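What follows is one structure encoded as structure tokens, with my remarks underneath.
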Amino acid sequence: MADLQEASVTLPSNPASVTTARRYVCALLTEWGMPEDAPAAEAVRLIVSELATNAVLHTLGLSPTFTVDVLLERAEYLRIGVTDSHPRRPQRLPAAVQQDNGRGMVIIRHLAAESGGRLSVTPTPDGGKTVWIMLPWAVPVP
């Protein structure tokens with residue numbers, strides 16, 4: 001296996017793109033050897049859904065597209081990043097607001113920690129941001 005495998009897709013910032021992003025990443029990981037029923041696969045599905053949803057809902061129309069980057073580094077770490085052009089970083093909403101929504105980043109952080117990974121946010125050169133999740137690659141290398 002190569003030291004680095006990578007792929008990306010850019011999608012319009014609309015709700016239908018959340019499903020497209022999730023399916024894209026899941027198909028890619030299956031191609032790279034992760035069984036669809038692997039415990040990590042379900043975590044990745046939920047993480048991608050939450051990150052893509054945030055890119056669609058919380059950019060307030062200021063990011064017409066978002067990009068999903070998927071990198072597998074040395075068959076050790078899986079990195080998934082969702083980039084949009086809105087400068088506002090993800091924020092934890094007050095508990096009163098979280099009754100119906102606002103728990104996405106909490107869910108993502110929990111899933112990452114539970115899987116031995118971590119979350120980070122980096123600015124992009126054009127003033128946007130990328131929300132990255134890094135997880136150990138839980139697939140045996142042949």
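These numbers come from a predicted model, not from an experiment. Atoms considered below: every heavy atom in the structure, side chains included; atoms not considered: hydrogens, waters and symmetry mates.
Between V68 and L51, every side-chain heavy-atom pair lies at or beyond the 4.5 Å cut-off. By the 4.5 Å heavy-atom criterion applied to side chains, E50 and I47 are not counted as neighbours. Counting only heavy atoms from C-beta outward, the side chains of W137 and R74 never approach each other to under 4.5 Å. Inter-residue side-chain proximity for R88 and H58 is flagged as met; some heavy-atom pair is nearer than 4.5 Å. A 4.5 Å side-chain heavy-atom check between L71 and Y77 finds every atom pair outside the cut-off.
Within the model, atoms NE2 of H86 and OG1 of T124 stand 12.0 Å from one another, a figure rounded to the nearest 0.5 Å. Taking CG of L46 as the reference point, atom NE2 of H110 lies at 10.0 Å (rounded to 0.5 Å). We find the SG-CD distance between C26 and E42 to be 8.5 Å, quoted to the nearest 0.5 Å. Atom CG of L119 is separated from atom CH2 of W132 by 11.5 Å, given to the nearest 0.5 angstrom.
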Working for side chain to side chain contact (heavy atoms under 4.5 Å, CB included), residues I80 and V44: CA-CA 9 Å; I80 300 171; V44 168; 3.7 Å; yes
Applying side chain to side chain contact (heavy atoms under 4.5 Å, CB included) to L11 and V56, what does each step give before you reach the verdict? CA-CA 10 Å; L11 301 165; V56 171; over 6 Å; no
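Nearest heavy atom pair, residue A55 against residue V82, reads CB-CG1, 3.9 Å. Here the closest heavy-atom approach between residue S85 and residue P64 is recorded as OG-CD, 4.1 Å. The two residues A21 and A52 come nearest to each other via the heavy atoms CB-CB, 4.2 Å. The heavy-atom pair separating R45 from E36 by the smallest distance is NH2-O, 3.3 Å. Closest of all the heavy-atom pairs between V18 and S49 is CG1-O, 3.7 Å. Nearest approach of D84 to S63, heavy atoms of both residues: CB-OG, 3.3 Å.
W32 and Y24 fall within a single hydrophobic cluster, where Ile, Leu, Val, Met, Phe, Trp and Tyr side chains are chained together by heavy-atom contacts under 4.5 Å. Residue F66 is not grouped with residue L62 when hydrophobic side chains (ILVMFWY) are merged at heavy-atom distances under 4.5 angstrom, including chains of intermediate members. V131 is not connected to M134 by any chain of hydrophobic side-chain contacts under 4.5 Å among Ile, Leu, Val, Met, Phe, Trp and Tyr, and they are in different clusters.
Here the rule is side chain to side chain contact (heavy atoms under 4.5 Å, CB included) with L72, and of R79, Q5, E6 only Q5 fits it.
Of the possible polar contacts, one joining the S17 side chain to the P12 backbone as a donor-acceptor pair under 3.5 Å is found.
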